Amino acid sequence: MADLARRATRTDRIVEQLSARLQAGVWRMGERLPSVRQAAAENGVSKNTMAEAYDRLVARGLLEARIGSGYYVAQAARIAPPAVLSHVSEAVDLVSLLREQLDQHYEVRPGDGRLPPAWMEGSELRRSFLPQRGESADAVEFGYGSSRGYAPLRERIRVMLLERSIDVQSEGVLLTHGANHALDLIIRQYVAPGDVVFVDEPGYYPLFAKLALAKAQIVGIPRRPNGPDLDALTNALAIHRPTLFFTQSQAHNPTGGMLTPAVAFGLLQAAARSGFRIVEDDVFADILPNTATRLAALDGLQRVLYVGAFSKTLSASLRSGYVAADPETIAALCDLKMVTTVATSDFVERFVFGLIQGGHYLRHLRRLRSRLEEARRQSVAALEGLGLTVEGRAETGFYLWAELPPHIDELELCRAAAARSIFLAPGDVFHPTRSADRRPALRINVAYGADPRFDDFLRTALSAGPPIERSLLP
C-alpha cells in the first residue's frame, strides 16, 4: 500500500508539471514528447509510472496517443481560455468568500456562513442516513418526480407556513435546490439587463454576484437593527424604479438583526405605491418563533415572494428549499425550473419529508436552538470583552456583526488571520459597492465567536494600534 501511495504521489507531481509546461507552450501543437523510456529516466521514475502520467494527460485532452509512435501535444493543450466578461468577473470576485466555505482550508472559522457539520449531521440526523430495517427496495421511485417537487413535502411546507400566518394556496409552493436556486429562478424571471434592484446593505453577498451576472443595477438600502431604513428607501425611490427588493426579515445575514412590524408595514406601503415586488429570504425560519414579523404574512403573498430552505438548519448537503407565492407566479417559476434544471431531487425531498414526519427534524431543531443560544451568549461576551460593538446580540440566528476600530484595515486583518489558519468574513464583501469610508466590521459565526485562538488573534490585532503592526502579517 505504501508503494502504491508513493507511486500515486510521483505520478501526480509529474502530471501537474507536464500540464503546466504544455499549457505554457513549451512544446508546439502536434510535437512529439520524449518517449516513455526517456521521460522515465529524466524524471527518475519507472516506465509504468511515466506511462500512467502520459495517459492521464491524454484523459485531460492535453496529449494525443498514437499507437506505435508515442505521445503528441493535442490541439486542446494550446486553446486560449475565453475572455471573461466584465460582469462575470465581478460576480466571481464576490464569491471568493463562498469558495472558502466550500473548500474549508482554515482551522478556525468565525467567518463561516454555516454551522459546524457536527451540529447538524452529527446529531439526531445521523441515524436517519442509515438504511431502515425492513424498508422496501422500491419504496422510492428513482425518477424525476413532479416538476413542482414532492407533493407531500410541498403540503407539509404549506402547513408550516400557515403556522407562520402565511396563507398560501396548494399550488403556491415550488420546491428548489435550496434558497440560492430559488433566488436564481426569481432573478431569471424578473430581472433584465439594466434593471434596478434594491438589496439590503449590508446584505447577502452571493445575491450580489447573481445580480451582477444578470447585469442588474444594484442599489443598497441601509439595513438597521429593526429592518431596512425607510427614509433611505424613500430617497432611493425618488431616483429609481426598482423591479425587486431582496431583503431578509429575520436573523439577517450578516448583521443578525430582525424586522419590526412598523418597518414591515412601511416597506409594504412603499412597494404598493411604487409597484415593485419584494423577495423575502427566510432561510432561518425553522429556528425562529412562528410569531416573528414576516412580510409574506402581512402581505398575503400579493407582492411578496417568500423563500425558505432546509439547508441552513438541517444539512448543507441536503439541497432542498422552496418559493411560496401566488399560483400564477409559481407556475412561471416552475416553467423556468423545468427549462434550466428539469426537476429537483425527488429522493432528497422524500428524505427531508421523512425527517419531518418522523419527528427527527423537530428534535434536531430543539437541540440546535439550545446550542445556538449558548454559543451566542459566549460569543457576545468574548467580543464585547475586547471592546467591540456587537449587533444581533439579543436575537436568534447564526451571526453577529462586530464593528472594528476605524484604523483597522479589513484586508490586512484577514491576511493576518489567514496566516494563522483563521477564516474571517470582512464586512466590505457584504456591501454591493466597496467604499474606503465605511466603518470596518466582521461577520461572526456564533459557533466560532468564542474560540480562544480567534479571541487571542483579535486581542493582539486590536491592541496594536493604528496601523496594524506589520508583525501581525504573514
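Quick caveat: nothing in here was measured; it's all calculated off a predicted structure.
Residue pairs meeting the salt bridge (charged side-chain N to carboxylate O under 4.0 Å, His left out) criterion with at least one partner in residues 35-50, sequence neighbours excluded, are absent. Annotation: salt bridge (charged side-chain N to carboxylate O under 4.0 Å, His left out) contacts involving residues 180-205, sequence neighbours excluded, comprise Asp184-Lys210, Asp200-Arg223, Glu201-Arg438.
Proximity of a side-chain donor or acceptor of Glu403 to a complementary backbone N or O of Arg439 within less than 3.5 Å is not detected. Judged purely by atom type and a 3.5 angstrom limit, Lys337 uses its side chain to pair as donor or acceptor with the backbone of Ser147. Of the possible polar contacts, none joining the Arg459 side chain to the Leu386 backbone as a donor-acceptor pair under 3.5 Å is found. Judged purely by atom type and a 3.5 angstrom limit, Gln248 uses its side chain to pair as donor or acceptor with the backbone of Asn253.
Tyr71 pairs by the side chain to side chain donor-acceptor pair (under 3.5 Å) definition with Asp55, not counting sequence neighbours. Residues passing the side chain to side chain donor-acceptor pair (under 3.5 Å) test with Ser320: none are found, sequence neighbours excluded. With sequence neighbours left out, Asp282 forms a side chain to side chain donor-acceptor pair (under 3.5 Å) with Arg294, Tyr306. Scored by the ring pair (Phe, Tyr, Trp, His ring centres under 6.0 Å) test, Phe276 finds no partners at all (sequence neighbours excluded). Qualifying side chain to side chain donor-acceptor pair (under 3.5 Å) partners for Glu374, counting only residues two or more places apart in sequence or in other chains: Arg377, Gln378. Residues passing the salt bridge (charged side-chain N to carboxylate O under 4.0 Å, His left out) test with Arg154: none are found, sequence neighbours excluded. Partners of Pro222 under the side-chain contact (heavy atoms from CB on, under 4.5 Å) rule, at least two apart in sequence or in another chain, are Arg224, Asp229, Ala232. Judged as a salt bridge (charged side-chain N to carboxylate O under 4.0 Å, His left out), and not counting sequence neighbours, Arg21 has no contacts. Under the salt bridge (charged side-chain N to carboxylate O under 4.0 Å, His left out) criterion, Arg66 pairs with Glu64, not counting sequence neighbours. In this view, Tyr150 and Phe353 satisfy the ring pair (Phe, Tyr, Trp, His ring centres under 6.0 Å) rule, not counting sequence neighbours.
For the residue pair Glu280 / Ser249, a side-chain donor-acceptor distance below 3.5 Å is found, with atom types taken as modelled.
With a 4.5 Å cut-off on side-chain heavy atoms, Asn445 and Phe423 do not count as touching.
Glu52 has a carboxylate O that lies under 4.0 Å from a charged side-chain N of Arg56, or vice versa, which qualifies the two as a salt bridge.
Here the options are His177, Glu349, His181, the test is side chain to side chain donor-acceptor pair (under 3.5 Å), and the partner is Thr344; only Glu349 passes.
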